[in-house]
**Q** 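Before anything else, here's the structure in question.
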Amino acid sequence: VKAAGVILAIAVALTLQTTLARFVVRAIVPVDLVLVVVVYVAVTSGPVTGLLTGTAAGLAQDALSSGVIGVGGLAKTVVGFLAGVVGTQFIVTQPVPRFVAFVAATVAHGMLLLGLYVLLDLRQFSSPWAEVGSQAIGNAVVGVVAFQAIEVLPGAWDRWRAHRDRIRR
Amino acid sequence: LIDIRHRAGYLLVAVVLGHVVLISAQIGSRSGVPVLEAVTFGIFAEVQRTVSAGLAGMRGAWTGYIDLRRVRSQNDALRRRLAEVQVELQRERALADRSRGLERLLELRDQSTWPTVAAAVIAAGATPDFRTVTVDKGARDGLRRDMAVIAPAGVVGRVVVPSARAAKVQLLIDRNAAAGALVKRSRAQGVIVGRGDDRLRLEYVSETADIAVGDLVMTSGIDGIFPKGFVIGSVDVAEKSGTGYKRILVRPAVDFQALEEVLVVLAPAGAREATEESPE
């Protein structure tokens, strides 16, 4: 059930990334929703689930982009593993640590991705740090909001239903 | 039996090795589109098409309900016509430029128009690290790899992965994109390269070349993909770099954030050149 949920989350993130994201953020702040899902799953489920999620999500994203298949997969695998280790070794339950985790994961992902392309001599990057930085902030904001929403919304729904039932009685 | 949950390190090494093998296999054979990429893209393009159609349907129903339908449809038709006329204008401008050169050589020849097909953008790239879009026309409509994609304002990119009913287009602003370019005023030639952001870099232009801010940059046609004479953008920054080549940044004429409809030039570049060069 958990694996199906993760696959569904990746598919939804890919769909949103390719359809809705361009209307909402208009690429002013680049956001990698798939990376947000990988980090979220890794932090909440541990390194094994994190790296497997990173592998699946990265390969799917590679297959849909114009890069070499496996580069993004490798970057997301390592980031998923590291985020999972961080999630098991540190308490990442408050917004600020989560924000830091998303920023660090995005920067690590950017360094791995761009580093691999430079290492393989496929492309040179003059100054990608501004873009990586803005993506890190964008991912962190979306990730923290998603974390809060997933935690708060079910409880809020239950409280609203209980309140409604009391009024009816 | 080994519980993999307690062997995360081994699993990481195995998965990383798998990726390295996968990457190595592609780098050894980069001539064509990898099968995995083509199949995955073809399948996901259908999902994108469905979601895009659903979104378009919902938007259409909502706006159709509150807008005056007749005015809206007239407006759409006029915008489409305007886009066609703008493309026509660019085509004529390209033809005029070419004709002037030919007139000088006293070799006036008939020009054949390039067949194009209109396509709607149905999805953006799957990752912000690569600038691609998906269009709703594919191999069934005659699209092939490396066909040029243009818009009324100028050059958009090239087809990289055509599936049956959709195609992935690499935008000119993608880090891996490049095209032969020339500066219209001084005819200085170079290579326009994407940077992954909203500007392009014009490379291999000599420091002695006459380049000024605001100069129009157009396709030179030497790359064999983009037709000659289409607008790429205008020079934003032109300065000496001390390397023998100027540092030139170009602002694209096309607004890649608001791309909705494009034209794909159906004839491969080789065929276009052959048609244009062959005597009647």
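Letters A, B, ... are given to chains in the order of the sequence lines, protein chains preceding strands, and every chain is numbered from 1. The structure presented is a predicted model; accordingly, all values stated were derived computationally and were not measured.
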**Q** Is the distance between the ring centroids of B:Y10 and A:F81 under 6.0 Å?
**A** no

**Q** So which atom in B:A124 and which in A:Q17 form the shortest heavy-atom distance, rounded to 0.1 Å?
**A** CB-O, 4.5 Å

**Q** So, for A:L64 and B:T132, which heavy atoms are closest and what is the spacing to 0.1 Å?
**A**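 So the minimum-distance heavy-atom pair works out to O-OG1, 4.3 Å.
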
**Q** Roughly how far, to the nearest 0.5 Å, is the OG1 atom of A:T77 from the CG atom of B:L11?
**A**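 It is 9.5 Å, given to the nearest 0.5 Å.
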
**Q** Do you know which of B:V51, B:V47, B:V20 has the most heavy-atom pairs under 4.5 Å to chain A?
**A**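 Sorted descending by pairs with chain A, the first entry is B:V51.
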
**Q** Determine whether A:T55 and B:H19 satisfy the following criterion, side-chain contact (heavy atoms from CB on, under 4.5 Å), listing intermediate values before the conclusion.
**A** CA-CA 9 Å; A:T55 301; B:H19 276 96; 3.6 Å; yes

**Q** Closest approach of A:V48 and B:A8, non-hydrogen atoms and distance?
**A**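 Scanning both residues completely, I find the closest heavy atoms to be CG2-CB, 3.6 Å.
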
**Q** Between OG1 of A:T15 and CD of B:Q48, what distance do you get to the nearest 0.5 Å?
**A**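 Answer rounded to 0.5 Å: 7.5 Å.
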
**Q** Need one label for A:L52: side chain, backbone, both or neither, based on atoms under 4.5 Å from any heavy atom in chain B.
**A**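 It is the side chain, since no backbone atom gets that close.
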
**Q** Say you draw a straight line from CD of B:Q170 to OG of A:S65; how long is it, rounded to the nearest 0.5 Å?
**A** 10.5 Å

**Q** Could you tell me which portion of A:L74 (side chain, backbone, both or neither) has an atom closer than 4.5 angstrom to a non-hydrogen atom of chain B?
**A**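 Both parts, heavy atoms under 4.5 Å.
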
**Q** Taking 4.0 angstrom as the limit, do A:E131 and B:R175 come out as a salt bridge?
**A** yes

**Q** Counting heavy-atom pairs under 4.5 Å with chain B, which one of A:G73, A:G46, A:G84, A:P47 comes out on top?
**A** A:G73

**Q** Supply the atom-to-atom distance B:L22 CG to A:L59 CG, rounded to the nearest 0.5 angstrom.
**A**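 If I round to the nearest 0.5 Å, the distance is 6.5 Å.
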
